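These notes are about the structure you will find just below.
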Amino acid sequence: MKNLKITALLAVLAFSPFYANVLPTDNSPIVRIFGDVTWKSESIDVGNIPQGKPKVIRFEFTNTSKKPIIIENVAPSCGCTTADYTKTPILPGKKGFVEASYNAAAAGAFMKTVNVTTSDSKTPKTLSFKGTVVAS
């Protein structure tokens with residue numbers, strides 16, 4: 001039993017240099033969660049909207065970092081939604097936006113999302129909006 005514990009300890013020590021070379025060495029955090037972007041709202045309820053008229057939903061944010069941030073990708077959850085966004089770098093302290101245009105073709109309740117990836121974080125931020133399309 002004692003030999004087994006010693007063998008296990010030696011195995012852990014033998015592989016430690018291997019794992020040490022896998023982790024980042026530039027002191028950057030392994031996970032960053034949108035600490036440099038503050039959203040005015042991440043979820044918007046648009047209420048009742050008329051059928052057949054596209055609805056534009058605007059999400060605004062502020063760059064709270066000390067470096068410019070670029071929106072790299074905006075991906076709506078379905079083909080019934082298109083997106084627009086700030087195309088230029090957002091300087092520290094300045095505001096940017098993401099707009100979703102929802103095609104209100106079908107009557108009834110809906111909930112849609114838009115995933116936003118910025119230069120600040122490669123993990124997409126999910127913004128959502130919901131409402132009800134009422135027949136005209």
Side-chain angles (χ1 to χ4, degrees):
M1 187 67 161
K2 189 174 183 180
N3 287 340
L4 181 61
K5 288 181 184 179
I6 293 172
T7 303
L9 179 61
L10 290 175
V12 169
L13 292 174
F15 286 107
S16 292
F18 170 76
Y19 290 115
N21 291 330
V22 173
L23 297 175
T25 57
D26 62 352
N27 293 329
S28 65
I30 295 172
V31 177
R32 293 180 60 190
I33 304 177
F34 303 101
D36 294 338
V37 173
T38 303
W39 292 91
K40 184 175 179 180
S41 178
E42 297 174 18
S43 179
I44 297 175
D45 186 342
V46 297
N48 293 333
I49 60 174
Q51 186 176 12
K53 294 185 181 178
K55 175 69 176 175
V56 176
I57 300 92
R58 185 176 177 102
F59 297 91
E60 295 181 346
F61 66 91
T62 303
N63 177 357
T64 56
S65 75
K66 295 182 180 182
K67 62 185 186 302
I69 291 178
I70 298 169
I71 297 176
E72 295 179 345
N73 189 37
V74 176
S77 60
C78 72
C80 60
T81 305
T82 58
D84 190 20
Y85 55 92
T86 305
K87 306 283 193 301
T88 57
I90 299 95
L91 299 176
K94 300 298 180 183
K95 296 184 183 298
F97 71 89
V98 172
E99 285 182 346
S101 180
Y102 175 63
N103 180 0
F110 66 89
M111 183 184 159
K112 303 296 176 186
T113 60
V114 178
N115 289 320
V116 180
T117 306
T118 67
S119 59
D120 176 53
S121 174
K122 301 305 178 201
T123 304
K125 177 67 173 174
T126 301
L127 306 173
S128 65
F129 60 95
K130 66 180 181 174
T132 304
V133 176
V134 292
S136 32

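Bear in mind that the values here come from a model prediction, so they are computed numbers and not experimental data.
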note = Sequence neighbours excluded, the answer for ring pair (Phe, Tyr, Trp, His ring centres under 6.0 Å) partners of Tyr85 is none

When rounded to the nearest 0.5 angstrom, what is the spacing between [atom1] in [X] and [atom2] in [Y]?
X      : Y      : atom1 : atom2 : value
Ser101 : Arg58  : OG    : CZ    : 13.0 Å
Thr82  : Asp84  : OG1   : CG    : 8.0 Å
Leu91  : Ser65  : CG    : OG    : 9.5 Å
Asn63  : Ile90  : CG    : CD1   : 7.0 Å
Lys40  : Phe59  : NZ    : CZ    : 12.0 Å
Asp45  : Met111 : CG    : CE    : 10.5 Å

query = Can you say whether the rings of Phe129 and Phe110 are parallel (under 30°), tilted (30 to 60°) or perpendicular (over 60°)?
reply =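 Correct class here is perpendicular.
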
Quick one: does [X]'s side chain have a donor or acceptor within less than 3.5 Å of a partner on [Y]'s backbone?
X      : Y      : answer
Ser119 : Ile70  : yes
Asn103 : Cys80  : no
Gln51  : Ala105 : yes
Thr86  : Thr88  : no
Thr62  : Thr64  : no

ask   = Does the side-chain contact (heavy atoms from CB on, under 4.5 Å) test come out yes or no for Val98 and Ile71, once each step is laid out?
value = CA-CA 9 Å; Val98 172; Ile71 297 176; 4.0 Å; yes

message = Taking the basic N atoms (NZ, or NE/NH1/NH2) and the acidic carboxylate oxygens, is any pair closer than 4.0 Å for Asp36 and Lys66?
response =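 The answer is no: the pair does not qualify as a salt bridge.
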
ask   = Would Lys95 and Glu60 pass as an ion pair if we require N to O under 4.0 Å?
value = no

ask   = Below 4.5 Å, heavy atoms only, C-beta onward: do Ile44 and Val46 meet side chain to side chain?
value = yes

key: Close side-chain approach of Cys78 and Lys112, heavy atoms under 4.5 Å   = yes

task = Given side-chain hydrogen bond (donor to acceptor under 3.5 Å, both in side chains), test Ser43 with Ser128 step by step and report yes or no.
result = CA-CA 5 Å; Ser43 179; Ser128 65; 3.2 Å; yes

Taking all atoms of both residues into account, what is the closest heavy-atom pair of [X] and [Y], and its distance?
X      : Y      : value
Ala135 : Ala107 : N-CB, 4.4 Å
Phe97  : Phe61  : N-CE2, 3.6 Å
Asn115 : Pro124 : CB-CB, 4.0 Å

task = Test Ile49 against Val134 for side-chain contact (heavy atoms from CB on, under 4.5 Å), laying out the working first.
result = CA-CA 6 Å; Ile49 60 174; Val134 292; over 6 Å; no

Check against side-chain contact (heavy atoms from CB on, under 4.5 Å), Leu127 and Val116 = CA-CA 8 Å; Leu127 306 173; Val116 180; 3.7 Å; yes

